[in-house]
Participant: 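Mind having a look at this structure? Questions to follow.
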Number of protein chains: 2
Amino acid sequence: MADKEVIKILTENNLKVTPQRVAVLEVIMGLENHPSAENIVDYIRLNFPHVPFGTVYKILDAFIEKEIIQRVKTENGIIRYDSVKKPHHHLYCEDSERIEDFYDEDLNKLLENYFKKKKIPNFTIKDYKLQIVGKFKV
Amino acid sequence: MADKEVIKILTENNLKVTPQRVAVLEVIMGLENHPSAENIVDYIRLNFPHVPFGTVYKILDAFIEKEIIQRVKTENGIIRYDSVKKPHHHLYCEDSERIEDFYDEDLNKLLENYFKKKKIPNFTIKDYKLQIVGKFKV
DNA sequence: CCCCATTAGAGAATGATTCTCTTTTGATAT
DNA sequence: ATATCAAAAGAGAATCATTCTCTAATGGGG
Ligand SMILES: [Mn+2]
Ligand SMILES: [Mn+2]
Ligand SMILES: [Zn+2]
Ligand SMILES: [Zn+2]
């Protein structure tokens, strides 16, 4: 089972391993979709038909607290989630809610070098992401 | 009165000039804050104590439709608004809701050149913004 | 000044998220 | 293995930003 990695992440972060947490983290890591809470609940209910939204939200908050996952910025008031992996950017569909990862090592290098040289006055950078809006052709 | 520019924008976009619309657009263009609907209502009520939220939301939607303003991406489920001006990026405070504009012509050029050369497969770029998360020192 | 489409106003409805309280559970120590 | 207890899940209400529906007002062309 692919639970292995998930369980490892939970224990490393001093989070009790529970079936619900394993399920939530599996969903987020499995989907490349940046799922909403509703998406996550839909998936989990395939196995746990009665998981309440409140439980999922609490689990998500715990993961965010530990920085196992992050929230994805959106502009429609619905929160989306992303497992933390190697640095990447996001492609946003103009006319749907589709959001996909965009990995580009050259771009990462470019930005890293840029901000190494050029400091922003009165601001300490922790992280940055490019949000690219447009249309998917597929 | 600084209404002049606001009225010009409204008429250019075939939007009837009403006091409420003038007020909303003045607030968004005046504040560098990327205000939420609530922020906007708070300001407008200084002059129009009874403007309903529904009216403000409808005005905001009309402006977005005409691309006079844009929504700002956030990760807490509260929508923020930004008047459309020359291309810029955003600085997000890690521990508060502060969001500020970041103008950097060199960065704009850098990204423009990068994407001129490197196309993203199966995706047509319409716009992009760098979201920079960190701490303000002031 | 009239007319009418457009806009504002009022207020209910929706729906995502949070909160509060109770019950269950998982890990640890006996 | 069993008892213990803090942590987590479950249940359901509450919150609150946003949307919707309906009615009244209004601005701008004729
Ligand atoms: Mn669903
Ligand atoms: Mn307020
Ligand atoms: Zn991502
Ligand atoms: Zn801005």
Side-chain angles (χ1 to χ4, degrees), chain A residues 3 6-28 34-45 47-66 68-81 97, chain B residues 3 6-27 34-45 47-66 68-69 71-81 97:
Chain A
D3 291 353
V6 164
I7 292 174
K8 180 159 156 285
I9 293 174
L10 292 177
T11 43
E12 279 173 357
N13 284 278
N14 299 315
L15 291 172
K16 277 189 192 173
V17 176
T18 69
Q20 293 87 341
R21 282 176 172 171
V22 171
V24 170
L25 193 47
E26 271 182 349
V27 170
I28 298 177
H34 308 91
S36 64
E38 190 192 352
N39 296 151
I40 293 167
V41 167
D42 283 350
Y43 268 86
I44 292 182
R45 285 200 174 147
N47 298 316
F48 300 83
H50 300 294
V51 184
F53 268 87
T55 296
V56 169
Y57 277 109
K58 267 185 292 191
I59 290 173
L60 291 169
D61 288 348
F63 290 175
I64 287 169
E65 171 87 28
K66 298 289 187 179
I68 297 171
I69 65 173
Q70 282 180 346
R71 293 175 168 199
V72 178
K73 289 182 170 59
T74 61
E75 56 185 47
N76 68 353
I78 293 177
I79 300 171
R80 309 266 299 255
Y81 300 88
E97 300 311 320
Chain B
D3 291 352
V6 165
I7 292 174
K8 180 159 155 284
I9 293 173
L10 292 177
T11 42
E12 279 173 358
N13 283 278
N14 299 316
L15 292 172
K16 277 189 191 171
V17 176
T18 69
Q20 294 86 342
R21 281 175 172 172
V22 170
V24 170
L25 192 46
E26 271 183 349
V27 171
H34 309 90
S36 64
E38 190 193 353
N39 297 150
I40 294 167
V41 167
D42 283 350
Y43 267 86
I44 292 182
R45 285 197 175 151
N47 298 316
F48 299 83
H50 300 295
V51 185
F53 269 88
T55 295
V56 169
Y57 277 109
K58 266 185 294 189
I59 290 173
L60 291 169
D61 287 349
F63 289 175
I64 287 169
E65 170 87 28
K66 297 290 188 177
I68 297 171
I69 65 173
R71 292 174 169 200
V72 177
K73 289 182 170 58
T74 61
E75 55 185 47
N76 69 352
I78 293 178
I79 299 171
R80 309 264 300 253
Y81 301 89
E97 300 311 322

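Each chain gets a letter, A, B and so on, in the order the sequences are listed, and its residues count up from 1.
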Participant: A:Asn76 has an atom CG; how far is it from atom C1' of C:dT14, in whole Å?
Facilitator: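 It is 15 Å, rounded to the nearest whole Å.
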
Participant: When rounded to the nearest 0.5 angstrom, what is the spacing between CD1 in A:Ile7 and CG in A:Leu15?
Facilitator: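 Rounded to the nearest 0.5 Å, the CD1-CG separation comes out at 13.0 Å.
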
Participant: Quick check: on DNA chain D, is the nucleotide nearest A:Leu15 upstream (toward 5') of the one nearest B:Phe53, or the reverse? Name the residue that is more 5'.
Facilitator: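 Of the two residues, A:Leu15 wins.
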
Participant: Using whole Å, report how far CD1 of B:Ile64 lies from C1' of D:dT19.
Facilitator: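 In whole Å, D:dT19 C1' lies 13 Å from B:Ile64 CD1.
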
Participant: Rounded off to whole Å, could you give me the CD1-to-P distance for the B:Ile7 and D:dG27 pair?
Facilitator: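 Rounded to whole Å, this separation is 13 Å.
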
Participant: Nearest-Å distance, CG (A:Leu60) to P (D:dA9)?
Facilitator: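 It works out to 11 Å between those atoms.
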
Participant: Once rounded to the nearest 0.5 Å, what's the spacing between atom NE2 of B:His50 and atom CZ of B:Arg45?
Facilitator: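 With rounding to 0.5 Å, NE2 (B:His50) is 9.0 Å from CZ (B:Arg45).
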
Participant: Which of the following nucleotides, D:dA8, C:dT18, D:dT19, is nearest to the side chain of A:Arg21?
Facilitator: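 Ranking D:dA8, C:dT18, D:dT19 by closest atom to the A:Arg21 side chain puts D:dA8 first.
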
Participant: Rounded to the Å, how far apart are A:Leu10 CG and D:dA7 C1'?
Facilitator: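 For the pair A:Leu10 CG and D:dA7 C1', the rounded distance is 14 Å.
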
Participant: Output the single nucleotide from D:dG28, D:dA9, C:dT17 whose closest atom is nearest the side chain of A:Thr55.
Facilitator: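 Of all the options, the side chain of A:Thr55 is nearest to D:dA9.
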
Participant: Between A:Arg80 (CZ) and C:dA16 (P), how many Å, whole number?
Facilitator: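 Value for this atom pair: 13 Å.
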
Participant: With nearest nucleotides of DNA chain D determined for B:Arg71 and B:Lys16 from heavy-atom distances, which residue corresponds to the more 5′ nucleotide?
Facilitator: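 Looking at DNA chain D, the more 5' nearest nucleotide goes with B:Arg71.
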
Participant: Think A:Gln20 has a side-chain N or O under 4.0 angstrom from the OP1 or OP2 of D:dG10?
Facilitator: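 Yes, within the criterion.
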
Participant: Here's a test of your reading of the structure: between A:Ala37 and A:Lys58, which maps to the more 5' nucleotide of DNA chain C?
Facilitator: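 The 5'-side residue here is A:Ala37.
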
Participant: Measuring from B:Glu12:CD to B:Leu10:CG, what's the distance to the nearest 0.5 Å?
Facilitator: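 Taking CD in B:Glu12 and CG in B:Leu10, the distance rounds to 9.5 Å.
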
Participant: Rounding to an integer number of Å, can you tell me how far B:Asn13 CG sits from C:dT6 P?
Facilitator: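 The distance from CG of B:Asn13 to P of C:dT6 comes to 16 Å, rounded to the nearest Å.
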
Participant: Atom NZ in B:Lys73, atom CZ in A:Arg80: separation rounded to 0.5 Å?
Facilitator: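 One gets 11.0 Å once the value is rounded to the nearest 0.5 Å.
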
Participant: Roughly how far, to the nearest 0.5 Å, is CD1 of B:Ile68 from CD1 of B:Ile59?
Facilitator: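 Separation between the atoms: 11.0 Å.
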
Participant: So what does B:Thr18 hit on the nucleic acid, given a heavy-atom distance under 4.0 Å: a base, only sugar-phosphate, or nothing?
Facilitator: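 Counting heavy atoms under 4.0 Å across all strands, the contact made by B:Thr18 is with sugar-phosphate only.
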
Participant: Expressed in angstrom and rounded to an integer, what is the separation of A:Glu97 atom CD from C:dG15 atom C1'?
Facilitator: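 These atoms are roughly 15 Å apart.
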
